[in-house]
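These notes concern the structure reproduced below.
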Amino acid sequence: MSICTQISELVQKGKAKLVKEEVAKAIESGVPVADILNEGLLAAMGIVGEKFKNNQVYVPEMLVAARAMNAGMEILKPHLVEAGVEPIGKVILGTVAGDLHDIGKNLVKLMLEGKGIEVVDLGIDVPAEKFVEAYNEHGSSLILLSALLTTTMGEMKNVIEAFAKAGLRDKVKFMIGGAPITETFKNEIGAEYYTADAATAASLAKEIITAA
Ligand code: B1M
């Protein structure tokens with residue numbers, strides 16, 4: 001078994017300490033850092049994400065795997081910078097105003113990072129104007145909104161309207177998600193994409209970024 005496959009399996013099992021050790025060993029023995037990233041750490045999160053989508057694993061397993069991936073990333077990051085391995089793109093993510101739920105949003109973030117996408121995470125209870133400010137600062141054209149409450153999902157429309165008001169609606173695309181969100185609601189508020197789970201959100205974000 002190649003060392004990258006071994007790293008992938010350790011991440012899937014959530015063995016953070018062993019992941020660190022194996023990543024360090026792989027770097028030392030000259031395995032290209034991009035291979036360690038893509039065939040080891042990111043491949044693992046892809047597999048875990050698919051299993052999560054198919055209800056073969058659940059939130060705790062996913063969080064443990066993500067923690068192991070992050071442990072490996074800690075070791076790998078300085079070497080990635082040195083080797084000039086760039087993220088494939090950047091997105092802005094947040095839970096909308098009035099809403100404090102972030103477990104799902106954080107899973108979406110983990111899966112995005114697992115696809116090599118940089119995430120500007122604005123956190124929870126994010127007012128519409130904050131998304132516009134983040135766009136002006138970071139220039140990412142894909143904005144991801146999460147909401148868990150029927151009382152806050154309407155805030156997604158306010159975010160879209162804030163971009164329209166700022167004359168920026170045609171510069172960005174919106175992906176929305178969260179337990180009460182549906183495809184019909186997406187159409188009602190004029191967002192571009194709806195995804196039901198974190199793994200699909202990350203796969204679609206990758207598709208959108210690479211097609212741009
Ligand atoms: Co609250 N809460 N909560 N809560 N909470 C729910 C959502 C609720 C369904 C519980 C219930 O009544 N059965 C209900 C909402 C009812 C409704 O609106 N229809 C509810 C309520 C009412 C409330 C309060 C109002 C309670 C009160 O104070 N009276 C209050 C509101 C606070 C606020 O936000 N202003 C409140 C508070 C809280 C806690 C703070 C205690 C805590 C949140 C802690 C935290 O997030 N850090 C909490 C929790 C934990 C829940 C439940 C139990 C679990 C939510 C969760 O994390 N699920 C929830 C009941 C339930 O779902 N069983 C409930 C796991 C998570 C992985 O799933 O977030 O759906 P989820 O994310 C999924 C997908 O939705 C998707 O991907 C994830 C996984 O693949 N997804 C996206 C999410 N965002 C996405 C974005 C995307 C794409 C996919 O693209 C951008």
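When reading the values below, keep in mind they use all heavy atoms of this one structure, side chains included, and skip hydrogens, waters and symmetry mates. Order of appearance sets the numbers: ligands from 1, and atoms from 1 within every ligand.
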Could you list which atoms of ligand 1 come closer than 4.0 Å to a heavy atom of Ala179?
-> 70 (O), 75 (O)

Would you tell me which option among Asp99, Thr151, Leu93, Leu148 has the nearest heavy-atom contact to atom 70 (O) of ligand 1?
-> Leu148

Could you tell me whether atom 83 (C) of ligand 1 has at least one protein heavy atom nearer than 4.0 Å?
-> yes

Ligand 1 contact on Ile176 by region, counting heavy-atom pairs under 4.0 Å | backbone

Non-hydrogen atoms of Gly98 versus ligand 1: any pair closer than 4.0 Å?
-> yes

Under 4.0 angstrom from ligand 1, any heavy atom of Thr195?
-> yes

What atoms in ligand 1 come closer than 4.0 Å to a heavy atom of Leu107?
-> 67 (C)

For atom 88 (C) of ligand 1, is the nearest protein heavy atom under 4.0 Å away?
-> yes

The protein heavy atom nearest to atom 46 (O) of ligand 1 is Asp102 N, 2.7 Å

Heavy-atom protein neighbour under 4.0 angstrom from atom 63 (N) of ligand 1 = no

Atoms of ligand 1 under 4.0 Å from any heavy atom of Ala198, numbered from 1 in the order shown, are 77 (O), 79 (C), 80 (O)

Is there at least one protein heavy-atom neighbour under 4.0 Å from atom 29 (N) of ligand 1?
-> no

Flag atom 67 (C) of ligand 1 as yes if some protein heavy-atom distance to it falls below 4.0 Å, otherwise no.
-> yes

Is any heavy atom of the protein nearer than 4.0 Å to atom 11 (C) of ligand 1?
-> no

Strictly under 4.0 Å, does any heavy atom of Ala147 approach an atom of ligand 1?
-> no

Going by the atom numbers of ligand 1, which of them fall below 4.0 Å from some non-hydrogen atom of Ala196?
-> 74 (C), 76 (C)

By number and element, which atoms of ligand 1 are closer than 4.0 Å to a non-hydrogen atom of Phe52?
-> 79 (C), 80 (O)

Could you tell me whether atom 21 (C) of ligand 1 has at least one protein heavy atom nearer than 4.0 Å?
-> yes

Which residue owns the protein heavy atom closest to atom 44 (C) of ligand 1, what's the atom, and how far is it?
-> Ile103 CD1, 4.3 Å

Atoms in ligand 1 with a heavy atom of Gly178 nearer than 4.0 Å | 75 (O), 81 (N), 82 (C), 83 (C), 84 (N), 85 (C)

Would you kindly specify which portion of Val108 sits under 4.0 Å from ligand 1, judged on non-hydrogen atoms: side chain, backbone, both or neither?
-> side chain

Does atom 2 (N) of ligand 1 have a protein non-hydrogen atom under 4.0 Å from it?
-> yes

Interfacing atoms of ligand 1 (cut-off 4.0 Å, heavy-atom, Leu145) = 86 (C), 91 (C)

Look at the side chain of Thr95 and the backbone N and O of Asp102, then say whether any donor-acceptor pair between them is shorter than 3.5 Å.
-> no

